[in-house]
Number of protein chains: 2
Amino acid sequence: MNKIIHLINDADCRLFQQSLELVGKRWSSAILLAIANGETRFGEIIASVPGLSDRLLSVRLKELEHAGLIERKVIASTPVQVRYGLTERGIDLISSLQPLVDYGHRWED
Amino acid sequence: MNKIIHLINDADCRLFQQSLELVGKRWSSAILLAIANGETRFGEIIASVPGLSDRLLSVRLKELEHAGLIERKVIASTPVQVRYGLTERGIDLISSLQPLVDYGHRWED
DNA sequence: CTTGTTCACTTACCTATCGTAAGTCACTAA
DNA sequence: TTAGTGACTTACGATAGGTAAGTGAACAAG
């Protein structure tokens, strides 16, 4: 049998699970994707991710910021604006998700 | 700005979210990974995924089977054995997760 | 024939997370 | 003074997850 993914040790497994449980939490990657596509404001992100509530967006943005995937910038306008942007790490993560988009296309209903 | 992932329309977005919400559910991909690595029995999978409980494994195996990612085979031995294997679709999905493993390596603490 | 063991699950129960709806706060425009 | 905007926060019922114990079939040991 030839292995599909090579993870010989426990450390690799934990690493994999960590990556996945961050991005795998509901809405996390959809939010990253929205930001990557240029929807950088709170209201814009909500509008572009169908089904996402403001409460969960608020929670996820904090998690993603804490994980070092996004950056929060406050713009002193009236009303005050907040813009979110991907960090280098966030860009790398979402790039790593591209094959999953392709998978979705290959197997759509 | 050059886009990282190209999803122009809503259909693509929904497709992406579908793929991710399946694999993103807690333990789902760890289970797929364990099966891919040759841990094909109920007890083996539990042993190889630290933190996973038998209740959740049972629930997830049903979901994954229903989604067409794994197959269940009962072997009439004593005590009875059940072996799980990846379908073609399951293999494709887990292959699509490889870049995420690499990402984990690039950014480990 | 009774007790123990293995395997693959279920059931019961409690806690954590989620979703919906409403409220907050600072500021401005009418 | 009332209304509106943007970015949240709070309250609360519903759903998902974690822990522990139980089930049932088949055999083996004593």
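A quick note: this is a predicted structure, and the numbers were derived from the prediction, not measured. Note on naming: letters A, B, ... go to the chains in the order of the sequence lines (proteins, then strands), and numbering restarts at 1 for each one.
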Quiz item: Do B/Arg60 and B/Glu63 sit within salt-bridge range, that is, some charged N less than 4.0 Å from a carboxylate O?
Solution: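 Result for this pair is yes, salt bridge flagged.
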
Quiz prompt | Side chain of B/Asp54 - closest among C/dC9, D/dA7, C/dA8 | solution =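 Nearest nucleotide to the side chain: C/dC9.
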
Quiz item: If you check the A/Thr78 side chain, which of C/dT10, C/dT28, D/dA7 turns out closest?
Solution: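 In terms of side-chain proximity for A/Thr78, the closest of C/dT10, C/dT28, D/dA7 is C/dT28.
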
For [N] and [X] - does any side-chain N or O of the residue sit under 4.0 Å from the phosphate oxygens OP1/OP2?
X       : N      : answer
A/Lys62 : D/dT9  : yes
A/Arg26 : C/dG19 : yes
B/Trp27 : D/dG18 : yes

Practice problem: Between A/Val59 and A/Pro79, just flag the one whose closest nucleotide in DNA chain C comes earlier from the 5' side. | Solution: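 With A/Val59 and A/Pro79 compared, the 5'-side residue is A/Val59.
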
Practice problem: May I ask you to say what B/Ser53 touches in the nucleic acid, namely base, sugar-phosphate or nothing, with a heavy-atom cut-off under 4.0 Å? | Solution: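 Base contact - B/Ser53 has a heavy atom under 4.0 Å of at least one base atom.
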
Quiz item: With a non-hydrogen cut-off below 4.0 angstrom, is B/Arg83 in contact with a base, only sugar-phosphate, or nothing?
Solution: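 Counting heavy atoms under 4.0 Å across all strands, no contact is made by B/Arg83.
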
Practice problem: Could you check A/Arg55 against A/Glu44 and say which one's nearest nucleotide on DNA chain D is further toward the 5' end? | Solution: A/Glu44

Exercise. Rounded to the nearest 0.5 Å, what's the gap from CD1 on A/Ile94 to CZ on A/Arg89? Could you check?
Key: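 Atom-to-atom, A/Ile94:CD1 and A/Arg89:CZ are 14.5 Å apart.
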
Exercise. Please confirm whether the backbone N or O of B/Arg41 pairs with a side-chain atom of B/Glu44, one donor and one acceptor, at under 3.5 Å?
Key: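 Looks like yes, one N/O pair under 3.5 Å.
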
